[in-house]
Amino acid sequence: MPEGHTIHRAADDQRALLAGAVVAADSPQGRFVEGASLIDGRELLDVEAWGKHLFYAFAGGLRLHVHLGLFGRFRSGAGEAPPVRGAVRLRLRSAAAWLTLSGPTACEIVDDDGQRRILARLGPDPLRAASRPAKAYSRIARSGVAIGALVMDQSVIAGIGNVYRAELLFRARIAPLRPGTSIGEAEFAQFWRDTRSVMRDGVRDRRMITTRPADRPHPKGAVRPAERHYVYHRTGRPCFVCGTAILSATLAARTVYWCPVCQR
DNA sequence: GTGGGATGGGCAA
DNA sequence: TGCCCCTCCCACA
């Protein structure tokens, strides 16, 4: 589920697994043979996440940029790498661990300038401690575009995808079609705080649970799959808070979900 | 077994 | 706005 939390989690996991090790790199699928040969046999120094983008720093100043897109997927583990499963674009193997990447939108070697160009297109990332929400708010406050489109625009806020968009706007009680200009500064500050908190939970738990226990029909015990989200994929079902049927529509080329009573 | 949809985003038009 | 990339998984037959 590659929204920002998945990517940050992957960076943390992969750093723990492979940083500091010399890695063998290859491309079993054959579509990244040249790139893999450039990093093959080098030490992996660090793995870092910015929004939905990953950067791998290798000894010698080489950098690998990965974006999973909708289909991309990592598999990893300790010990010897298992037989290749499916179309593996890139495989990294150290003496102690392995990592495979399949189906990414981007898997490329970039230089410092290339990395800068990518980062320049990204808004603040709620999962990075040094991010500056004021940059996001200044874009929102002077835009007539719907807030439901703005929060998913990676150049406004980096890391929010379609599930978090729907859920975070519900939690903030903000209707997705409101224009950016209608969002007050305090309202945005609260949205940003909640976003950080919810996404950090996502990194910690390795999944998105966006409902508050008190709002769930079954507040005790394990969270039932159908009660993980307030509105996402719940068109026509009753809102957990007010019972009104959840609505959906297309916004910024993706389906957005909301409660017409709770969200104003 | 098959088809459609999915958490994304770049690009042409 | 719509197409394409290109992978996995589920619902449905």
Side-chain angles (χ1 to χ4, degrees), chain A residues 1-11 13 27-33 35 49-55 65-76 82-91 99-108 110 114-115 117-123 125-127 145-146 148-171 176-177 195 198-211 223 225-226 228-237 246 248-258:
Chain A
M1 300 186 195
E3 294 196 24
H5 71 303
T6 308
I7 305 309
H8 280 262
R9 184 76 225 188
D13 289 348
S27 178
Q29 173 206 40
R31 289 190 53 188
F32 192 58
V33 173
W50 294 81
K52 299 172 187 168
H53 296 258
L54 283 162
F55 291 94
H65 168 232
V66 169
H67 192 293
L68 292 181
L70 193 50
F71 311 128
R73 177 168 181 173
F74 288 114
R75 290 186 175 88
S76 64
V84 167
R85 183 144 53 116
V88 172
R89 183 81 55 90
L90 172 65
R91 176 170 59 172
L99 170 70
T100 63
L101 167 64
S102 53
T105 287
C107 175
E108 57 183 352
V110 294
Q115 180 174 15
R117 270 197 297 273
I118 292 162
L119 294 181
R121 296 200 304 260
L122 299 179
D125 175 351
L127 288 172
V145 171
L150 290 169
V151 298
M152 218 173 54
D153 179 338
Q154 300 301 297
S155 72
V156 176
I157 299 175
I160 294 180
N162 201 28
V163 181
Y164 278 136
R165 154 171 89 165
E167 293 299 300
L168 292 167
L169 288 176
F170 178 89
R171 290 172 61 97
L177 291 176
T195 294
V198 168
M199 290 186 73
R200 281 174 177 165
D201 288 350
V203 175
R204 186 195 60 209
D205 301 337
R206 299 172 186 267
R207 58 182 188 172
M208 294 171 165
I209 293 173
T210 49
T211 46
V223 184
R228 282 182 194 166
H229 303 313
Y230 284 105
V231 294
Y232 180 74
H233 257 328
R234 295 195 67 243
T235 310
R237 311 211 52 111
I246 300 303
S248 60
T250 298
L251 177 60
R254 312 186 72 83
T255 307
V256 67
Y257 308 82
W258 76 99

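Lettering follows sequence order; numbering is per chain, from 1. Reckoned from all heavy atoms, side chains included, excluding hydrogens, waters and symmetry mates.
By the salt bridge (charged side-chain N to carboxylate O under 4.0 Å, His left out) test, D205(A) pairs with no residue at all, sequence neighbours left out.
Here Q154(A) reaches the OP1 or OP2 of dG9(B): one of its side-chain N or O atoms lies under 4.0 Å away. Regarding contacts with the backbone of dT7(B), every side-chain N or O of Y164(A) stays at 4.0 angstrom or more from both OP1 and OP2. Checking the phosphate oxygens (OP1, OP2) of dG8(B), no side-chain nitrogen or oxygen of H67(A) falls inside 4.0 Å.
The 5' end of DNA chain B is approached more closely, in terms of each residue's nearest nucleotide, by T255(A) than by the other of T255(A) and R121(A).
Across all strands, A106(A) comes closer than 4.0 Å to no nucleic acid atom at all (heavy-atom distances). If you check every strand for non-hydrogen atoms under 4.0 Å, Q29(A) touches sugar and phosphate atoms only.
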Would you check, one step at a time, whether the test ring pair (Phe, Tyr, Trp, His ring centres under 6.0 Å) holds for H229(A) with Y257(A)? CA-CA 11 Å; H229(A) 303 313; Y257(A) 308 82; 9.9 Å; no
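Going from atom NE2 of H233(A) over to atom P of dG5(B) covers 11 Å, rounded to whole Å.
Relative orientation of the H53(A) and H67(A) rings is perpendicular, given thresholds of 30° and 60° on the angle between their planes.
Expressed to the nearest 0.5 Å, how far CZ of R165(A) lies from OG1 of T255(A) amounts to 8.0 Å.
Residue Y232(A) places its side chain closer to dA6(B) than to any other of dA6(B), dT7(C), dC6(C). Minimum atom distance to the side chain of E3(A) is reached by dT7(B), of the listed dT7(B), dC6(C), dC8(C). The listed nucleotides are dG8(B), dT7(C), dC8(C); the one nearest the side chain of R75(A) is dC8(C). Out of dC9(C), dC6(C), dT7(C), the shortest distance to the side chain of R73(A) is found at dC9(C).
Looking at E167(A), its side chain does come within 3.5 Å of a backbone N or O of V231(A) through a donor-acceptor pair.
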Dot-bracket for DNA chain B: what is it, with Watson-Crick or G-U pairs under 3.5 Å, [ ] where a pair crosses earlier ones, and | for a pair to another strand? ||||||.|||||.
List every contact pair, protein side and nucleotides 2-5 of chain C side both N or O, where the distance is under 3.5 Å.
none

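In this structure the side chain of F74(A) reaches within 4.5 angstrom of the side chain of V66(A), judged on heavy atoms.
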